[in-house]
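Heads up, the thing below is written out as structure tokens.
Order of listing sets the numbers, starting from 1, for every ligand and every atom in it.
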Amino acid sequence: MQSIRGTKDILPLEISSWHALEQIIRLLTSQYGYQEIRTPIMEYAEVFKRSVGEETDIVGKEMYTFPDRGGDALTLRPEATASVVRAAIQHNLTAQQQIARLYYVGPFFRYERPQKGRQRQFHQFGCELMGAATPEADVEILTLAHDFMISLGIQSYQLQLNTLATPTVRQQFKSSLVEYFSAFQTELSEESKSRLSTNPLRILDSKNPGDKAISEKAPSLLDMLDNESKDHFDAVLSMLDGLGIPYSINPRLVRGLDYYSHTVFEITSTSLGSQDALGGGGRYDHLFEQFGGKHTPCIGFGFGMERLLIALAAENTPEIQRKADVYIIGFETNESRSAVIQFAHTLRMSSKKNIITDVQNRSLKAQMKEADKLGIEHAIIIGPDEAIAGTCIVKHLKTGMQYTKKRSDLDGLFEV
Ligand code: HAM
């Protein structure tokens with residue numbers, strides 16, 4: 001039996017980097033006043049179809065959708081924004097002009113071709129700021145994303161920004177794109193040809209070299225902005241400048257989900273391969289109405305956690321992952337072994353130390369060797385004499401320094 005293609009077991013050796021990542025996420029989100037939301041892994045398929053868009057790759061090709069035994073079409077969530085909006089409306093999280101600052105961490109599912117940094121079950125950390133239309137809200141989300149990179153120590157990242165303007169301007173832009181690209185019908189890739197009628201914006205971010213060359217001279221949305229879109233975007237950029245947050249403007253950045261308007265962004269890293277987006281997001285001002293809720297402007301982002309860990313591993317030398325602080329070592333006698341078990345229990349209860357003991361009846365030498373291998377700091381040895389005398393030998397494994405202490409002197413145990 002093997003795990004499903006595109007899914008991965010996260011093994012004990014890797015888990016400490018996940019924990020470290022999650023710890024930074026919890027610290028940073030609480031500094032910004034964001035609270036965690038946990039929505040179900042499954043939603044009615046309609047939740048994503050209506051929001052992410054029928055013509056997107058995610059809905060068209062990548063969703064795990066199946067009928068349940070009652071005949072309802074359910075989907076394993078491919079992203080979180082739609083679920084969070086569904087939950088916010090259902091539980092009235094933004095009633096009476098309230099702002100909701102939410103974050104999430106968890107698994108997502110997309111039926112994509114697996115490769116480095118691309119899986120069928122992957123994990124995202126995301127934030128959603130709901131109920132504010134101001135450029136200040138965009139800047140809060142962008143600053144949070146920037147600070148996240150800094151807290152992780154990821155140096156190789158780039159913030160790319162664009163605006164998708166208002167729905168009206170975007171519609172005009174789509175028409176001018178269709179007009180422009182129609183002249184190149186025969187030269188476009190098959191995929192872009194079909195996008196001409198379904199989702200012409202996505203031709204702009206095609207990776208096909210022929211399409212790219214044609215896109216070079218395509219009309220730019222930045223030249224067509226109305227005052228509202230231009231003022232909003234300019235305000236965001238000038239606040240970012242004031243904060244000293246570096247960015248570049250990428251007029252071809254359109255994102256793969258339909259719900260965006262105004263500011264959109266992606267954070268890429270050169271430490272990744274072809275799947276170079278660590279995260280992305282943007283403003284989605286009309287999703288609440290699409291779900292039957294009140295007009296509630298929002299902005300948010302999602303980061304791929306596997307990709308964050310790939311970038312981190314490429315940039316930092318991994319620390320030795322210490323599995324415990326203390327190894328309590330016994331001899332092969334009954335007194336010694338039972339003293340070890342009892343003392344391990346006492347010490348776990350009274351200190352914050354992580355403690356392991358041998359459960360295989362191994363020799364003193366084998367236990368010492370294992371403690372060393374595990375990167376443990378202190379060994380506590382309770383031989384037959386120490387077992388009777390109520391003492392133990394504390395040995396600092398790096399320096400080799402050791403001393404005898406009373407086992408009842410828990411406070412002074414690791415002081416020397
Ligand atoms: P997204 O760009 O589709 O946006 O996904 C965000 C991030 O999830 C990507 O940048 C990437 O790091 C990671 N990701 C996506 N698909 C995979 C995959 N198959 N394997 C590994 N990692 C993957 C969203 O999902 C939006 N909901 C973000 C958002 C939140 N916009 C507003 N609020």
Answer yes or no for [X]: is there a heavy-atom contact with ligand 1 below 4.0 Å?
X	value
Phe109	no
Phe108	no
Gly117	yes
Arg255	yes

Side-chain touch [X]/[Y], heavy atoms, less than 4.5 angstrom:
X	Y	result
Ile37	Leu93	yes
Tyr260	Val254	no
His232	Thr263	yes
Ser220	Phe173	no

Does [X], backbone or side chain, put an N or O under 3.5 Å from an N or O of ligand 1?
X	value
Gly281	no
Glu266	no
Tyr284	no
Glu306	no
Glu112	yes
Gly304	yes
Tyr260	yes
Pro78	no

Those atoms of ligand 1 less than 4.0 Å from some heavy atom in [X]:
X	result
Gly280	10 (O), 28 (C), 29 (C)
Leu257	3 (O), 4 (O)
Glu79	25 (O), 26 (C), 27 (N)
Ala277	10 (O), 11 (C), 12 (O)
Gln124	5 (O), 6 (C), 7 (C), 8 (O), 24 (C), 25 (O)
Tyr104	30 (C)
Gly279	10 (O)

CD of Gln115: more than 12 outside heavy atoms within 6.0 angstrom?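 It does: Gln115 CD has more than 12 such atoms within range.
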More than 12 heavy atoms from other groups under 6.0 Å of NZ on Lys8: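 Atom NZ in Lys8 is not crowded, with 12 or fewer foreign heavy atoms closer than 6.0 Å.
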Heavy-atom closest pair, residues Ser192 and Asp211: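 Result for this residue pair: OG-OD2, 2.6 Å.
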Minimum-distance protein heavy atom relative to [atom]:
atom	value
atom 20 (N) of ligand 1	Gln119 N, 3.0 Å
atom 33 (N) of ligand 1	Glu128 OE1, 2.8 Å
atom 14 (N) of ligand 1	Phe122 CE1, 3.5 Å
atom 26 (C) of ligand 1	Tyr259 OH, 3.4 Å
atom 11 (C) of ligand 1	Arg307 NH1, 3.4 Å

Going through the checks in order, is the side chain to side chain donor-acceptor pair (under 3.5 Å) test met by Asp226 and Ser229? CA-CA 6 Å; Asp226 58 357; Ser229 310; 2.5 Å; yes
Where on Arg110 is there a heavy atom closer than 4.0 Å to ligand 1, on the side chain, on the backbone, on both, or on neither?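 Side chain only.
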For Phe125, which of Phe108, Phe301, Tyr104 qualifies under ring-ring contact (aromatic ring centres under 6.0 Å, His included)?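 Result: among Phe108, Phe301, Tyr104, Phe301 is the only option passing the ring-ring contact (aromatic ring centres under 6.0 Å, His included) with Phe125.
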Do Ser206 side-chain atoms and Ile203 backbone N/O form a donor-acceptor pair below 3.5 Å?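 No, because the side chain of Ser206 does not come within donor-acceptor range (under 3.5 Å) of the backbone of Ile203.
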For Gln155, does its backbone N or O pair with a side-chain atom of Glu315 as donor and acceptor, under 3.5 Å?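 A pair under 3.5 Å: yes.
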Worked check of side chain to side chain contact (heavy atoms under 4.5 Å, CB included) between Glu14 and Leu11: CA-CA 5 Å; Glu14 305 155 75; Leu11 299 173; 3.3 Å; yes
Does the ring of Phe414 carry Lys353 above it, NZ/CZ under 6.0 angstrom from centre and within 45° of its axis?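 Because its charged atom sits under 6.0 Å from the ring centre and within 45° of the axis, Lys353 does stack over Phe414.
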At what distance, to the nearest 0.5 angstrom, does CD of Glu128 lie from OH of Tyr34?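 Reported to 0.5 Å precision, the distance equals 9.0 Å.
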Proximity of Tyr180 and Phe184 rings by center, below 6.0 Å: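 Here the rings of Phe184 and Tyr180 have centres that are less than 6.0 Å from each other.
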